Protein chains: 2
Amino acid sequence: MKYSRRTTPLKQTEIQGHHCSVDVRLEKLSKVAFFRELQQEQLDKINEHFRAAHIQKGEPVYHQGEEAKQLFVVVHGAVKLIHHTTEGKDILMDLLKPGEYFGGLPVLGDENYAETAYAQMTSCVLSIGAVDFEQVLHANPSVAVNLIEITTRRLKQARHRIHQFTTWPVEKRITSVLLMMGEKFGEDRKDGILIQVPFSRKDLADMTGTSSETASRIMRTFQDEGLIRSGRGWVAISDAEKLKQRYISDG
Amino acid sequence: MKYSRRTTPLKQTEIQGHHCSVDVRLEKLSKVAFFRELQQEQLDKINEHFRAAHIQKGEPVYHQGEEAKQLFVVVHGAVKLIHHTTEGKDILMDLLKPGEYFGGLPVLGDENYAETAYAQMTSCVLSIGAVDFEQVLHANPSVAVNLIEITTRRLKQARHRIHQFTTWPVEKRITSVLLMMGEKFGEDRKDGILIQVPFSRKDLADMTGTSSETASRIMRTFQDEGLIRSGRGWVAISDAEKLKQRYISDG
DNA sequence: CGCGTAGTTGACGAGAGTCAACTATAGTGG
DNA sequence: CCACTATAGTTGACTCTCGTCAACTACGCG
């Protein structure tokens, strides 16, 4: 309500060429978890294998079911992984920020992409093909070990989600996702934490396995309690502490 | 009903020492997916790092939350991974057969065991510690790549399960699990496929995220339709085709 | 300032969880 | 080999969360 005369508080996505400049590329590559132990020299070499691409907001990077031929790294923006189901329901498997990888390759056990990747906002991504990546893998053994660790972590996260889906009511799942989004995309403001990424009711519903109506209802009660603020496509957490309390005490 | 005068049709679990004999150990190790490309000589060496242990039916191998110190391989029997929740509900994350691995190590991104492992039947498992495993990893680079592949596959499976939990009704989830169990533990009989592993209503419920009562109700309708037979702790699929039909057409 | 889309709200019903009582099974010991 | 008992499985009744359909409101971009 307070924002009725304002437009979205999110940073505008003004992407220019410089977002994929060599400097930015290298910086982001060095932040990719599975390249972390590498020397600058090796990173420079690896960088040469990658190609940059801009993706407009809402556009797909690849489609579910297509032959898995590339591994991607988010450089700027945000990418969401959507699992489309035959029943017409979408599931948001992950929302990635700069430095995270996605996509798939046969070496990594992916024959086909398991989901469709969309640019959640206009983004810049790097990609590498199978042959090049295998070369990188062989040249840098530590990368393989890091990959195992990351994948195991994601597996754990997925199993944790299974736990949530089978034992928690929708309200608690939404609270959990809000707090997680605050951690990952949150920007501290004087009046709370603004989630710095486009984030609609439908996104929230697809992350928690509910309908956008139910998500809307629950978000409204949270707003009425002063826990969050929200507008079209954005959410801010006003009182993370109270939200967490509620989340824990709920049982 | 037909079995009212019989005991369980499952093979009795008569474990003797020979189930963990060197021969059997080597054979199972060679079947572990991440050792598949290794030579006999290397396997022999790896074998020396493993220790064998017998676990009685229902006993735990390790507990959820404990420091992850070992990687295990099922040699004989079956092991189930149970995620205990604070709400008192259990989730059966996986049911493993000989040749599959479980447990965790810091190298693999596990600080603590994420679940408790129970012997679903009296079993024999091999274990290896952190130091030894890292040695094996360094001596055999292909193992790391295989591990990535296996973990990615498990991640995919977990995400597929998330999909099922959020979009499928219980009946369809149960059908899916029955067919999967038939594939994995099924033994062909003249009158159908017997699932050769102890398998209670509670297990089924914990796999599909429902209550044992609901699982029981659905299993009863399946029995009434002649799709399955079942008794205390065992299930046989009489008509896999019809079951699959039902599963697909259900929407 | 107006339109398209995101978000809201209400009403209703179906799926599935829970509680509780009951029955059947299969291993145990007489 | 049969009775005994603990435990697995079944069934009914009730409740409640949440999904669905539908109408409505209001942002915020152009």
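Here the structure is a predicted model, which is why all the values come from computation and not from measurement. Proteins come first, then strands; the chains are lettered A, B, ... in the order of their sequence lines, and each starts at number 1.
Separating the CG atom of B:D203 from the C1' atom of D:dT7 is a distance of 14 Å, rounded to the nearest angstrom. Whole-Å rounding puts the A:W168 CH2 to C:dG17 P distance at 18 Å. A:R201 places its CZ atom 10 Å from the P atom of C:dT9, with the value rounded to the nearest Å. Across the protein-nucleic acid pair, A:Q223 atom CD and D:dT25 atom P stand 19 Å apart, rounded to whole Å. Nucleotide C:dG7 holds its C1' atom 14 Å from the CD1 atom of A:I174, rounded to whole Å. The separation between A:E213 atom CD and C:dT9 atom P is 13 Å, rounded to whole Å.
Relative to the side chain of A:T210, the nucleotides C:dT18, D:dT10, D:dG19 differ in distance, and D:dG19 lies closest. Comparing D:dC21, C:dA16, D:dC18 by their nearest atom to the side chain of B:V170 picks out C:dA16. Considering only side-chain atoms of A:R232, the nucleotide from C:dT8, D:dT10, C:dT5 that sits closest is C:dT5. Each of D:dC18, D:dG28, D:dG19 was ranked by its minimum atom distance to the side chain of A:P169; first place goes to D:dC18. Nearest to the side-chain atoms of B:T214 among the listed nucleotides C:dA16, D:dG9, C:dT9 stands C:dA16.
Of the N and O atoms on the side chains of A:Y113 and A:Q70, not one donor lies less than 3.5 Å from an acceptor on the other residue.
Counting atom types as modelled, B:R217 pairs a side-chain N or O with a base atom of C:dT18 as donor and acceptor under 3.5 Å.
Using a 30° and 60° split on the angle between ring planes, B:H163 and B:W168 fall in the perpendicular class, above 60°. Classified by interplanar angle (parallel below 30°, tilted 30° to 60°, perpendicular above 60°), the ring pair A:H84/A:Y118 is perpendicular.
Within 4.0 Å of A:S212, counting heavy atoms only, lies no atom of the nucleic acid at all. Among the heavy atoms of the strands lying under 4.0 Å from B:S211 is at least one base atom, whether or not backbone atoms are also near.
Applying the side chain to side chain contact (heavy atoms under 4.5 Å, CB included) criterion to A:A119, with sequence neighbours excluded, gives A:I55, A:S123.
Within the 4.0 Å cut-off from OP1 or OP2 of C:dA26, at least one side-chain nitrogen or oxygen of B:W234 is found.
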